[in-house]
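Taking it in order: structure first as structure tokens, then the write-up.
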There are 2 protein chains.
Amino acid sequence: MNFAGHRQWTAAFSTETLCARILERHRDTVRVQKPHVAVANLARIIEATLKLSNKQGFHATSLRDLAQASGLSMGGLYSYFDNKTTLLSMILGEVTTTVNEVLGAAADEIRKDPPDHLKWLIETHIRLTEAMQPWFVFAYMEAKSFPAHERRMAVDSEAATEEIFAAVLRQGVANGTFAIADIELTASLIKPLLQDWYVKRAKYRKRGTTIEQYIEAVSAFVEAAVQPRRH
Amino acid sequence: MNFAGHRQWTAAFSTETLCARILERHRDTVRVQKPHVAVANLARIIEATLKLSNKQGFHATSLRDLAQASGLSMGGLYSYFDNKTTLLSMILGEVTTTVNEVLGAAADEIRKDPPDHLKWLIETHIRLTEAMQPWFVFAYMEAKSFPAHERRMAVDSEAATEEIFAAVLRQGVANGTFAIADIELTASLIKPLLQDWYVKRAKYRKRGTTIEQYIEAVSAFVEAAVQPRRH
DNA sequence: AAAGAAAACGAGCGCTCGCTCGATTTTTTT
DNA sequence: AAAAAAATCGAGCGAGCGCTCGTTTTCTTT
């Protein structure tokens with residue numbers, strides 16, 4: 001994938017593109033054969049699921065609501081998943097796969113410089129969660145009600161993201177550009193700063209905060225915390 | 001209330017004490033007359049509600065589960081609330097009332113010095129959410145499924161907490177002890193750092209992070225971000 | 001245009017939900 | 001110890017849930 005320009009970025013995270021990837025990963029449970037039909041309907045189903053779940057919760061969203069909102073029938077839905085939990089897994093799996101793929105794709109020249117790499121990670125994470133906002137809100141808010149296996153996936157994914165940050169901090173401490181008392185704990189504290197952008201999106205929208213302002217604020221906040229102090 | 005010592009602090013936030021306050025606020029909906037009976041049973045009901053809801057979500061917790069876990073019957077429960085939503089409101093109301101009460105109770109000598117006040121707010125918030133952890137997790141996780149009125153309460157309460165932090169930052173900028181580009185945005189970013197302690201409590205427990213370490217890490221993180229830089 | 005395959009349909013099943021209410025037990029009053 | 005009041009009980013109600021399956025519609029092939 002190419003994340004260089006805004007046009008490619010937007011296309012890469014459109015519901016259609018994401019649902020095409022979901023279809024690949026769930027070929028065995030989706031009973032509709034023609035890919036372009038399956039992708040189109042999956043997109044309608046998942047768009048409806050995200051919309052309704054983020055308003056009232058996944059558990060409170062009935063398959064009748066979902067059928068009406070997606071334009072399919074009750075029975076029609078079951079050609080795309082074998083039970084309600086599978087639908088949840090489809091969305092969660094796509095979020096965890098994508099976030100690890102994207103955050104791990106920093107160019108080599110960026111990796112060389114820990115402060116650059118840290119700033120890139122912050123910006124990329126915030127822009128990714130903006131492009132896939134309903135997906136991330138869903139994964140975050142529904143995590144507690146996941147079945148055991150899905151829950152583990154979510155926890156592991158969170159740990160993996162945190163470790164990406166920890167590795168950069170460690171590298172920066174090693175070459176002297178950062179001074180940090182507790183690397184793991186600092187990495188843990190960066191995550192909620194990134195998550196706040198999508199978890200409390202409504203608050204920032206009402207307040208008129210732009211994504212650029214938010215990226216700048218978080219970057220400055222984190223940079224101040226990791227920079228060596230001069231006494 | 002006196003929050004000076006650990007013993008008083010613990011007693012002030014015991015389930016019984018909190019339920020006594022809930023009873024006061026809901027005298028009209030609780031149909032059991034003798035206060036000591038009402039408080040004791042309310043405590044059992046709410047303890048069961050927090051335990052089950054934080055494991056599987058409030059919506060997924062049935063009143064039959066709740067009856068079994070609290071030791072009351074289905075009908076018995078309805079002597080303490082008139083419907084399931086009222087039970088949710090009782091818990092939410094107690095959380096919002098308490099957090100504003102406690103964070104607004106800084107001593108005058110602490111208020112005088114913005115850095116002291118900021119540090120006090122961070123420590124007090126984290127210790128309060130530790131003492132009432134299941135209550136805060138409940139309020140945070142169930143917020144999205146609140147009915148309109150309760151939801152507004154939660155949003156307003158969050159805004160009020162944020163404004164307490166913003167006021168201190170503003171005071172510090174005015175007297176030159178802080179240097180901050182965007183006060184409101186910085187105040188917004190402090191909140192998720194505080195919330196992470198109770199939202200992801202399991203992670204920190206597994207990792208062996210103590211509350212003192214966490215308070216210290218967040219304080220250091222925030223202090224670095226608000227301190228004037230020396231070039 | 002007829003036949004076969006693929007996709008979509010939606011009434012209906014068993015079950016659990018929030019909630020009620022007459023019966024029963026416990027406590028208080030006399 | 002009898003009567004009155006307070007508190008608790010739990011079977012039962014209608015509604016709505018996830019899910020199924022015999023039928024109908026749409027598309028593809030010939």
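What you see is a predicted model, and the numbers here were worked out from it, not measured in a lab. Reminder, nothing fancy here: chain letters follow the sequence lines and each chain counts from 1.
The closest side-chain donor-acceptor pair between B/Glu130 and B/Trp197 falls under 3.5 angstrom. Side-chain N/O atoms of A/Asp65 and A/Thr61 include no donor and acceptor closer than 3.5 Å.
Counting any heavy atom pair closer than 4.0 Å across all strands shown, A/Ser79 reaches no nucleic acid atom. Here B/Tyr80 lies in heavy-atom contact (under 4.0 Å) with sugar-phosphate atoms only. Using a 4.0 Å heavy-atom criterion, one finds that A/Asn41 contacts the sugar-phosphate atoms exclusively. Within 4.0 Å (heavy atoms only), B/Arg64 reaches at least one base atom of the nucleic acid.
Comparing B/Lys84 and B/Gly75, the nucleotide of DNA chain C nearest to each residue sits closer to the 5' end for B/Lys84. Sequence order on DNA chain D of the closest nucleotides to A/Thr61 and A/Gly76 puts A/Thr61 first from the 5' end.
As a whole-Å value, the separation of B/Asp82 CG from C/dC21 P is 14 Å. The distance from atom CD of B/Gln33 to atom P of C/dT29 is 12 Å, rounded to the nearest whole Å. For A/Arg31 and D/dC19, the CZ to C1' distance is 12 Å, given to the nearest whole Å. Going from atom CZ of A/Phe81 over to atom P of C/dA8 covers 13 Å, rounded to whole Å. Residue B/Arg44 contributes atom CZ, which lies 9 Å from atom P of D/dT8 at whole-angstrom precision. The NE2 atom of A/His36 sits 12 Å away from the C1' atom of D/dT28 (whole-angstrom rounding). Remark: P of D/dC13 and OH of B/Tyr78 are 18 Å apart, rounded to the nearest angstrom. A/Leu87 places its CG atom 10 Å from the P atom of D/dC19, with the value rounded to the nearest Å.
Relative to the six-membered ring of A/Phe58, A/Lys84 meets both conditions, a distance below 6.0 Å and an angle of at most 45° to the axis.
Comparing C/dC9, D/dA11, C/dA7 by their nearest atom to the side chain of A/Ser73 picks out C/dC9. Taking only side-chain atoms of A/Met74, from C-beta outward, the nucleotide of C/dA8, D/dC19, C/dC19 with the closest atom is D/dC19. Of all nucleotides listed (D/dC17, D/dC19, C/dA7), C/dA7 comes nearest to the side chain of A/Val32.
Taking a cutoff of 4.0 Å between a charged side-chain nitrogen and a carboxylate oxygen, A/Arg207 and B/Glu184 do not qualify as a salt bridge. Using a 4.0 Å cut-off between a side-chain N of Lys or Arg and a carboxylate O of Asp or Glu, B/Arg151 and B/Glu142 do not qualify as a salt bridge.
When the side-chain nitrogen and oxygen atoms of B/Lys34 are compared with OP1 and OP2 of C/dT28, one or more of them lie within a distance under 4.0 Å.
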